[in-house]
Each structure stands twice: as C-alpha cells, then as structure tokens.
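In each ligand, atom 1 is the first atom listed, and ligand 1 is the first ligand listed. We number each residue from 1, following the sequence as shown. Everything numeric in this text was worked out from a predicted model, so none of it was measured.
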Amino acid sequence: MIGYDHIMVRFGELSTKGKNKKDFIRLLAQNIKHALNEFSDLSIEERYDHIYVHLNGNDYEPIIARLQDVSGIQGLSLVAKVDNDIEAIKSASLELIEQEKGGTFKVKVKRSNKRFEMNSDQITRLVAPVILKNTKLKVDVHNPDILLQIEVRDEGTYIFVKTFMGAGGYPLGVGGKSMHMLSGGIDSPVAAYLLMRRGVIIECIHFASPPYTQEAVIYKLEDLLHKLNRYQPKIRLHIVPFTKIQEAIYDNAPESYCITLMRRMMYRLAAKLAKRRKCPVISSGESVGQVASQTLQSINVINEVTNLPVIRPCAVMDKLEIIKYAQKIDTYDISIRPYEDCCTIFTPKAPKTSPHLDEAIEFEKKFDYEPLIEEALNNIEVKFIE
Ligand code: ATP
Ligand code: MG
C-alpha cells in the first residue's frame, strides 16, 4: 500500500533568482529545521524548486500545523513518491484518491523531467480513466472536490491530493532587523508578527517606569514574546528604565504636552539603541488616529527626533482588524490582561491632538534630558525569550 512519506514545501513565485534564491532557500530550510526540532527522525531535503520534509514514519498533522507558522512558505502538500513509471503512477493515484471524500475530481500533471516518455496530457489521459473505472468519482475540471496532482521530476514522481496554505511572506532573516517598540497592548505584538512575516527579525525595546509600572508587565511581555517565538525562535528584549525621564517631563512640561514629550523621548532612546544594535529601522504598533498621540500631526512632531525610518505595520488597520490578527497569533488574551503601563499611569485628561513642534522643543529646553537618556541606555536590562 502506498503511503504519504513526504511533505512538499512550496515557496511560490520568487522575485529573486540565482544566488539570492539559493540564500532564500537555505535560510528557509534552516528555519524549517528549527521549527521542527521537537520531532525526531525527520530529514529535510533542499532542492531548487521545493524543500521536502521526509516524514520517516511521523504523523503528518502536527508537522503541517507547525510548518504553517513558518514565513516564506506559500503552500504545503502531503506527497507520496513513486518511481517514474506509468503503472506505478496509475496505481498510486488510484490508491490515494480512494482515501478522499467528494464526488468530483480533476487530474493535474506537471512534467519537469523531459526525458519521461509521455507528456502531461498523455499522463492525464492514462490516469483519469483508471479513476473513472474504479471509483464513483466524476470529472469536474472547473471546481473539483479533489485535485489530484502529479509531478514527474528527475528523481521520481510526486503524487498528492492534500494541500495546505502556508503563511506566505519571506523567510525570517532575509529582511534584516528592526528595533521594535513593544508595549503590553494589542497592537505592538501584531505589528511584530507582520514584520516577521516579511522576513524581518525583531529586537524589542520596552520602556518601564517602576515603581509606577509593576514587574507584572514584564511577565506579560514575556508571555507575549513566547507566543511570537513560534515565528522567531529567539527574541532579545531590552527593558529601558524610563522613570526618571518620565518624572522630569511631568515636572517641566504642561500636562497636555506630556504624552508628546514622552513619546519623543521613547523614539530618541529607540533610535540610539537601534544604531547600537545595528537595526536600520524602528517599528511600532501605532495606528493612525487611534489616540491623541497617533494623529498625523502628533506622529509628525514625535517622529521629528529621529531620521531612522519608522515602520508601522498597523498604521492603516482598524482596531477590529488588528484584534483579528491578535486572535490568530494567540496574543489577544494576554494583551487584554489589565496592567499599568507607563502610558496609562500618567495619562493626562486632555492630551494634545495637534501638538506644535516649536512648543515641544521649548518645553524640552527646560530640562537637561541628554544625560538622562544616556543613563537609561546604560542601565538597560536584557532578556532573551526563547
Ligand atoms: P498597543 O498599541 O500595543 O495596543 P497601546 O495601545 O497601549 O499598546 P499606544 O499607547 O497605542 O500603546 O502606543 C503606540 C505604540 O507605541 C505601541 O504600539 C508601541 O509600539 C509603542 N509603545 C507604547 N508604550 C510603550 C512602552 N511602554 N514600551 C515600548 N513601546 C511602547
Ligand atoms: Mg495602540
């Protein structure tokens, strides 16, 4: 009896070719190995068009589920491999399709092995009648219940009917590294996930204001990052002591400008740390218009402190859309746990929705913040979440 012995990993149409494509595949294969290291006896085979995971007796379901989290994978198929022999192809096709539910089918053949004596069309015409004769299935070329795919390659013929969606995007690591601003809220973990899906590795920066904020926030961040470990196995978290800076702001600026100034300080710190850690960009979970500090005017005044590009993956998403993602990546329930953040503690009654740059700069002149920034940077606590 024929059984499924491989998973075929497809990366879809790559815009990259040549050496870049090779690097891409190597990185993806590495990430796949890492994602699957809890399973024993698997082997991974890299080829130019696909990566194959040899099941070696393992159950396929948990492996497919794990692979669906790996970015850079377009689709996955459970495949059986037979010799390049038409009789073997016919009998395996029949055996596999008999295990499926449905009333209609279609055969789709791809032949990349040009030495095989039949072309795709001829193979289809030989396989389909075997199925029609031995089952109750009927052909439907437009909308079949079962799509039987046959790929004749140099090393053998792959036959498959079970295909699964991948996460899409690019393999983690092809896109460089971002310094990601992580609060304990809903948006920033989603933004992190969206970046990872584009192949970007993240390091996280968090601003903590003890004793106003509690250690519980850090546990919350750890829990959030553990969820994100499914997409990036090891995440560096920088915890920046922010209390003195925040107190200085509240001692020197009117309440309505506190949030603006606080966020300018956050971006100054993030930019400095990004440069130190060789991250060419900063990222955050900001969403246009969500709160006073995220109006376009506020974003402009806040962003003025750095010339590093800031990527905001949630910028144009509705809260409900962001929540959908948070539920998909399983961070939502953690994010909604009540906690005190440095933003929630000092929230003024009427924050400025349209702050002015010259006023912000004027208030900042009232205290010497550079040494405070240096001190904060020198006292960062680093955690590795894996
Ligand atoms: P989230 O946006 O993650 O739901 P939030 O709504 O509490 O959390 P906002 O006040 O909307 O956060 O802040 C916007 C963004 O600024 C956050 O998404 C995050 O990227 C960054 N940010 C806010 N507070 C902090 C913090 N204490 N440490 C690090 N980054 C922060
Ligand atoms: Mg937010």
Side-chain angles (χ1 to χ4, degrees), residues 178-195 202-210 212-218 220-225 227-228 235-243 245-246 249 258-274 279 281-296 298-299 302-303 305-306 308 310-327 329 331-348 351-353 376-377 380-381 383:
S178 174
M179 185 55 68
H180 186 69
M181 297 166 70
L182 186 75
S183 65
I186 298 166
D187 308 336
S188 47
V190 168
Y193 162 73
L194 293 171
L195 278 162
I202 60 154
E203 284 196 12
C204 293
I205 179 168
H206 177 76
F207 305 96
S209 296
Y212 306 107
T213 60
Q214 301 142 6
E215 189 65 14
V217 180
I218 307 300
K220 187 178 184 186
L221 297 178
E222 288 177 354
D223 290 349
L224 287 170
L225 291 175
K227 294 287 180 188
L228 291 174
I235 305 174
R236 184 190 275 257
L237 169 64
H238 303 266
I239 301 165
V240 180
F242 199 55
T243 315
I245 294 175
Q246 220 170 353
I249 294 171
C258 282
I259 294 277
T260 308
L261 297 197
M262 187 182 84
R263 297 193 64 79
R264 280 168 63 88
M265 294 300 169
M266 286 183 177
Y267 271 100
R268 284 191 175 100
L269 283 156
K272 288 208 159 147
L273 187 62
C279 300
V281 301
I282 301 172
S283 49
S284 79
E286 285 162 308
S287 176
V288 171
Q290 199 181 76
V291 288
S293 63
Q294 295 171 33
T295 62
L296 292 185
S298 281
I299 288 177
I302 290 163
N303 212 149
V305 299
T306 176
L308 281 190
V310 179
I311 315 249
R312 300 176 173 89
C314 300
V316 293
M317 288 163 66
D318 285 345
K319 195 76 191 185
L320 285 178
E321 262 177 276
I322 301 174
I323 288 175
K324 251 195 216 151
Y325 272 113
Q327 285 165 336
I329 62 172
T331 52
Y332 183 72
D333 290 340
I334 303 171
S335 291
I336 59 173
R337 275 189 218 153
Y339 75 111
E340 298 287 19
D341 180 50
C342 61
C343 293
T344 43
I345 284 172
F346 295 103
T347 305
K352 268 258 185 264
T353 51
L377 283 174
I380 286 177
E381 182 193 349
K383 290 190 178 220

K.L.:
Of the non-hydrogen atoms in E203 and H238, which two are nearest, and what is the gap between them?
P.N.:
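Answer, listing the atom of E203 first, then H238: OE1-NE2, 2.8 Å.
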K.L.:
Number the atoms of ligand 1 from 1 as they appear, then name those within less than 4.0 Å of a heavy atom of S284, with their elements.
P.N.:
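What qualifies from ligand 1 is 20 (O).
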K.L.:
Could you work out, for atom 2 (O) of ligand 1, the closest of V310, D187, V217, L182 by heavy-atom distance?
P.N.:
D187
K.L.:
Using a 4.0 Å cut-off to any heavy atom of I186, which atoms of ligand 1 qualify?
P.N.:
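Reading through ligand 1 atom by atom, the close ones are 1 (P), 3 (O), 4 (O).
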K.L.:
E381: which residues meet the side-chain hydrogen bond (donor to acceptor under 3.5 Å, both in side chains) condition with it, sequence neighbours left out?
P.N.:
none
K.L.:
Is Q294 touching ligand 1 with its side chain, its backbone, both, or neither, if touching means heavy atoms under 4.0 Å apart?
P.N.:
side chain
K.L.:
Check S178 against I282 and note the closest heavy-atom contact, atom names and distance.
P.N.:
OG-C, 3.7 Å
K.L.:
Can you confirm, on distance only, whether ligand 1 has an N/O atom lying under 3.5 Å from any N/O atom belonging to M266?
P.N.:
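For ligand 1, there is no N or O atom that lies under 3.5 Å from one belonging to M266.
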K.L.:
Enumerate the atoms of ligand 1 whose separation from the nearest heavy atom of E286 is less than 4.0 angstrom.
P.N.:
14 (C), 15 (C), 18 (O)
K.L.:
Using side-chain heavy atoms (C-beta onward) and a distance below 4.5 Å, is K220 in contact with I334?
P.N.:
yes
K.L.:
Between atom CD1 of I205 and atom OG of S188, what is the distance when rounded to the nearest 0.5 Å?
P.N.:
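Here the rounded value is 12.5 Å.
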K.L.:
Does R263 come within less than 4.0 Å of ligand 1, judged by its heavy atoms?
P.N.:
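Distance cut 4.0 Å: R263 passes for ligand 1.
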K.L.:
Taking only heavy atoms of G185 into account, list the atoms of ligand 1 that are under 4.0 Å away from them.
P.N.:
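This gives 1 (P), 3 (O), 4 (O), 8 (O) as the contact atoms.
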K.L.:
List the residues meeting side-chain hydrogen bond (donor to acceptor under 3.5 Å, both in side chains) with K272, not counting sequence neighbours, and say none if there are none.
P.N.:
E370
K.L.:
State, to 0.1 Å, how close C314 and D187 come at their nearest heavy-atom pair, and which atoms those are.
P.N.:
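Of all heavy-atom pairs spanning C314 and D187, the closest is SG-O, 3.8 Å.
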K.L.:
Quick check on contacts: which atoms of ligand 1 are under 4.0 angstrom from a heavy atom of I205?
P.N.:
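What qualifies from ligand 1 is 29 (C).
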K.L.:
Does an N or O anywhere in S283 fall below 3.5 Å from an N or O of ligand 1?
P.N.:
no
